[in-house]
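Everything on this sheet refers to the single structure shown next.
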Amino acid sequence: MTSKEIRDLAPGEITTKLRETREALLQLRLRKNAGQVEKPHLLRTYRKDIARLLTALAAKKTAKAKAA
């Protein structure tokens, strides 16, 4: 997911996407420990996506606070 796509989402959608991505990362980590990961590069991708989501969410909260 790109930064532009994330910025276009509403805060509620970002929170939902964040929860889904964290769950996917957890499942991938569990499969990695069991030795069943076919695409280990997804670990890094999920971590970066989570960081992007958190950054966008914080920016939206800051912008909302400044507007009020």
- Message: Would you compute the distance between atom CZ of R19 and atom OG1 of T21 and round it to the nearest 0.5 angstrom?
- Response: 11.0 Å

- Query: Could you give the distance from CG (L57) to OG1 (T62), rounded to the nearest 0.5 Å?
  - Reply: 9.5 Å

- Query: What pairs of residues pass the salt bridge (Lys or Arg N to Asp or Glu O under 4.0 Å) test when at least one of them lies in residues 28-57, not counting sequence neighbours?
  - Reply: D49-R52

- Note on the structure: What one should report as the nearest heavy-atom pair of L43 and L28 is N-CD2, 3.5 Å

- Query: For the hydrophobic clusters of this structure (ILVMFWY residues joined by side-chain heavy atoms under 4.5 Å, transitively), does one cluster hold both L25 and L54?
  - Reply: yes

- Message: Quick check: is I50 connected to L26 through a chain of hydrophobic side chains (ILVMFWY, heavy atoms under 4.5 Å apart)?
- Response: no

- Rounded to the nearest 0.5 Å, what's the gap from CZ on R22 to CG on L53? Could you check? 9.0 Å

- Task: Mind checking the NZ-CG spacing from K17 to L9? Nearest 0.5 Å is all I need.
- Result: 8.5 Å

- From E20 atom CD to E13 atom CD, the distance as rounded to the nearest 0.5 Å: 10.5 Å

